[in-house]
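Throughout, protein chains are lettered first and strands after them, A, B, ... in sequence-line order, and every chain is numbered starting at 1. Reckoned from all heavy atoms, side chains included, excluding hydrogens, waters and symmetry mates.
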2 protein chains.
Amino acid sequence: MVSTFAPQAAGDLNFLKKLNRSSILGTVRRYPGATRADIAARTQLTKATVGGVVQALLERGWLREGELQPRGGGRPGRALYLDDAHHVLLGADIGVRGLRIVACTLGGEVLLQRYVTEPPTTPEATAARLAAMLRDMRDDPGIADRHCLGLGVTVPGPVAPEQPILRLAPNLGWVDVAFLEVLRPYLPELDGAWLLDNEANAAAFGEFYFHDGIPPESIVYISAGSGIGSGLVTGDNYPLVPRGVQGLVGEIGHTIVQPGGLYCHCGNRGCAETLVSGWAIRAALGIADTENLEAAIAARGDDPDVNAVLRRAGEALGTLMLNLHHTLNPATLVLGGSLMHLGERLIEPALAYFEAHQNDLLRGTQRVPIKVIHDSTFTAARGAAAQVMAKAALEA
Amino acid sequence: MVSTFAPQAAGDLNFLKKLNRSSILGTVRRYPGATRADIAARTQLTKATVGGVVQALLERGWLREGELQPRGGGRPGRALYLDDAHHVLLGADIGVRGLRIVACTLGGEVLLQRYVTEPPTTPEATAARLAAMLRDMRDDPGIADRHCLGLGVTVPGPVAPEQPILRLAPNLGWVDVAFLEVLRPYLPELDGAWLLDNEANAAAFGEFYFHDGIPPESIVYISAGSGIGSGLVTGDNYPLVPRGVQGLVGEIGHTIVQPGGLYCHCGNRGCAETLVSGWAIRAALGIADTENLEAAIAARGDDPDVNAVLRRAGEALGTLMLNLHHTLNPATLVLGGSLMHLGERLIEPALAYFEAHQNDLLRGTQRVPIKVIHDSTFTAARGAAAQVMAKAALEA
DNA sequence: TTCACTTAGTTAAATCTATTAACTAAAGAA
DNA sequence: TTCTTTAGTTAATAGATTTAACTAAGTGAA
């Protein structure tokens, strides 16, 4: 299995219908305000087909009609938008330092968000806490009357590609947790699709799916927090999330960027995570796990040691960006994760290193645009919600 | 564009037909001897659909019937195989040190192969030489009466993802060459699909498509020759070849594995290619471009300098393997390229390094099987032929 | 031998999807 | 007003898979 939502390889007429419906919905998502004629041109479907599918999607509350789009000397088309009024997508992020949940519209607009800074303990206790938060949010008058399309949950570790099982979360101490099964008894009433994914994959998915401006061809999202990971999303109407045979795609924290370097908790030396990760920076600066990293570093002010550690971490991040660029060659690179709160002393060296080491392979091509998400508190949760929508769109 | 042959995102009944036909053909390719009933079970299509499509494929010379497959207490099914008798696939590999061509059956069996050790000069001269070789092979009595499905050509450098243009081949001195257009006037009579791809991508494709034994879920092929590159193939019925926005997916030669290391011709320091590549080994040992690398190294015998350089190159290769494993997480890792001719002094350290640095992320999962292709002279050309078949299968 | 049972594969009718072609609708320009 | 252009709808058509019933070909037990 390569993808979360890849179309199957063979199918019947019903499959074809789902394919086309999802494609039409994806066109409106990527090009808000598209008319039926625009959709027909982009998807290569006929006006008749598009008209019929759009009619069904309007009736089911997935699309809404907007203003007339003037055309040069012809009947104006009717703009179409994702209908933000009738459905809700739920996303939850189980982070090393707390839980975050969001409720989104089909267009990716966050209706509500909640955040608690209690580090997760056991899966059961976490599920109970998360369920309470979600039930409370679900009952909020702003969304209680919306139809819930499902819930996406992210975790800080690799998820098996075939089953929703968290394989290993070193920073939580969790191993082989089928978290959705743990959570379900606490939320029996919540219907729709239930999904589990790695935090970086979900964040990448969300940035790709709920893009602003021109739809990206592909995205690599680098999540620099307690550990460091990445997610890759490509594809046109169907976002593809390569996961690999063991769900380890993007586990760049343990790529070796400095042979013979520092020892990593994984047992190897010179892993990227020994240079650029929350735990590595804490270790280098002697900051306890119980302290808030951002506050502790701010408290030290313009300390040369701090500056050196952050610069070194930034340059390692730049190295990772270069290596990812040469290995995955994404159209867009997005930086996120809690380390971005540490600011320019980390980010600037990363961007500078990346810029300074561009090479001939890229001659004559556009530089890859880099987006820095300075506060990505809810990015993964929103990405999980995006995954719910992509899943539900096939059944719309 | 993510893939060479990905199904489009929307379509009509004819598209559905192509999808199912390709899926059925893919099932027979991956499971030779499958019966109609087996195919129906695997593809989720009905017996009626499978029966009809198989009938058409038998008539067109894509499939042939074999022996009866006994079933436990029921009518035996009829084994189906790819028909090796009626079609031919052509593949060509433009290498830094010579040209190689092959003619293959649908099953990947090489009918003929040719090799010349003239390093390519200009695109025009290379096209003329290649056309002469291909025409000569096409006229061979063994294949002259077969229907040609097309020609795949590989080049030692990144190819633009949307158009068949070689962007840059540093080792050939070629820049922005639309090689198929250069070649076409020399071979006007050759019909079928014409494809151009990077050598590592094509080799990976061939190893994935013409697999032996159990079909792999995904493959990363590392091509270690004059330079070093890699190709990735995943997917079920449709092999997917991620290329990236500029066709640079797998350009691992310029990932940085030793910050501050040796200078690379790309301008950066510590690129993988400064350690494990034909040119780096030549530079380290003072072997001229005009000499044959394998012969020169053999001539030096058990020289400690040679041993050290090869061990260092092998360990760098092992690092690359680890990093690719953590970034792309393929189900199978294949090592090929001309450096494999240098033997165990290079290969053994690579495998040992990879083995010694497995970490916790892989706990409880199967080790990645590693296949070493000791002589990959025709691997890329055969892979190009495989790509021709995949393309033609959609139109079969 | 016969019969029941199982699995493989084919056939014709039915179902469902998208397309085609003709239509209506709505705007601008002469 | 009329012509032209573009948007969107509708009814008939074409085409693909499925359904359901069939035939075919084996095993095993009475």
task: Go through the N and O atoms of the side chain of B:R75 and the base of D:dA25, and report whether any donor-acceptor pair is under 3.5 Å.
output: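 Looking at the base of D:dA25, it does not pair with any donor or acceptor on the side chain of B:R75 (distance under 3.5 Å).
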
Of the nucleotides [options], which has the atom closest to the [X] side chain?
{"X": "B:K47", "options": "D:dT17, D:dG8, C:dA8", "answer": "C:dA8"}
{"X": "B:L68", "options": "D:dA14, D:dG26, C:dT19", "answer": "D:dG26"}
{"X": "B:L45", "options": "D:dA7, D:dT18, C:dA18", "answer": "D:dT18"}

Nucleic acid contacts - residues 76-86 of chain A versus DNA chain D, non-hydrogen atoms under 4.0 Å: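 Of all residues in residues 76-86 of chain A, the ones placing a heavy atom under 4.0 Å from DNA chain D are A:P76, A:G77, A:R78.
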
query: Heavy-atom contacts under 4.0 Å between residues 50-64 of chain B and DNA chain D, which residues?
result: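 Per residue number, the list is empty: none.
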
task: Applying side-chain contact (heavy atoms from CB on, under 4.5 Å) between A:V153 and each of A:L90, A:D197, A:V388, A:L180, report the one that passes.
output: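 Result: among A:L90, A:D197, A:V388, A:L180, A:L180 is the only option passing the side-chain contact (heavy atoms from CB on, under 4.5 Å) with A:V153.
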
- prompt: Looking at A:Y31, is A:R42 sitting on its ring face, NZ or CZ under 6.0 Å from the six-membered ring centre and within 45 degrees of the normal?
  reply: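 Yes, A:R42 sits over the ring of A:Y31.
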
Is any side-chain N or O of [X] closer than 4.0 Å to OP1 or OP2 of [N]?
{"X": "A:N20", "N": "C:dA18", "answer": "yes"}
{"X": "B:N14", "N": "C:dA18", "answer": "no"}
{"X": "B:R36", "N": "C:dT10", "answer": "yes"}
{"X": "A:R71", "N": "D:dA7", "answer": "yes"}
{"X": "A:T46", "N": "C:dT19", "answer": "yes"}
{"X": "A:T35", "N": "D:dG8", "answer": "yes"}

query: Angle class for the B:H87/B:H147 ring planes (parallel below 30°, perpendicular above 60°, tilted otherwise)?
result: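 Perpendicular: the ring planes of B:H87 and B:H147 meet at over 60°.
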
Between [X] ([atom1]) and [N] ([atom2]), how many Å, whole number?
{"X": "A:Q44", "N": "C:dT20", "atom1": "CD", "atom2": "C1'", "result": "17 Å"}
{"X": "A:L13", "N": "C:dA18", "atom1": "CG", "atom2": "P", "result": "8 Å"}
{"X": "A:L16", "N": "C:dT15", "atom1": "CG", "atom2": "C1'", "result": "14 Å"}
{"X": "B:I39", "N": "C:dT7", "atom1": "CD1", "atom2": "P", "result": "19 Å"}
{"X": "A:E67", "N": "C:dA26", "atom1": "CD", "atom2": "C1'", "result": "16 Å"}
{"X": "B:L19", "N": "D:dT17", "atom1": "CG", "atom2": "C1'", "result": "13 Å"}

message: Donor-acceptor check, side chain of A:R138 to backbone of A:I143, threshold 3.5 angstrom: yes or no?
response: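 Here the side-chain-to-backbone pair exists.
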
query: Would A:E162 and A:R243 pass as an ion pair if we require N to O under 4.0 Å?
result: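 No salt bridge links A:E162 with A:R243.
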
- request: Report the C-alpha separation of A:F205 and A:T154 in whole Å, then their side-chain angles, then the decisive distance to 0.1 Å, and conclude whether the side chain to side chain contact (heavy atoms under 4.5 Å, CB included) test is met.
  value: CA-CA 12 Å; A:F205 195 96; A:T154 74; over 6 Å; no

message: A:L82 vs A:L25, test: side chain to side chain contact (heavy atoms under 4.5 Å, CB included). Steps then yes/no.
response: CA-CA 8 Å; A:L82 293 175; A:L25 216 37; 4.0 Å; yes

query: Would you say the side-chain atoms of A:D38 and A:T35 include a donor-acceptor pair closer than 3.5 Å?
result: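 Yes - a donor-acceptor pair under 3.5 Å links their side chains.
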
task: In sequence, state the C-alpha distance, the side-chain angles, and the governing distance for B:V28 and B:W62, and then conclude on side chain to side chain contact (heavy atoms under 4.5 Å, CB included).
output: CA-CA 10 Å; B:V28 177; B:W62 279 78; over 6 Å; no

message: Using the rule given for side chain to side chain contact (heavy atoms under 4.5 Å, CB included), can you reason through A:I39 versus A:L80, listing the C-alpha separation, both sets of side-chain angles and the distance that settles it, and then say yes or no?
response: CA-CA 10 Å; A:I39 296 170; A:L80 295 166; 3.8 Å; yes

query: Which residue, B:G73 or B:A48, contacts DNA chain D at a nucleotide closer to its 5' end, judged by nearest heavy atom?
result: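 Comparing both residues, the 5'-ward one is B:A48.
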
- request: Remember a base hit wins even if backbone is also touched, and classify B:K17 as base, sugar-phosphate or nothing at under 4.0 Å, heavy atoms.
  value: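 Sugar-phosphate, no base atom in range.
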
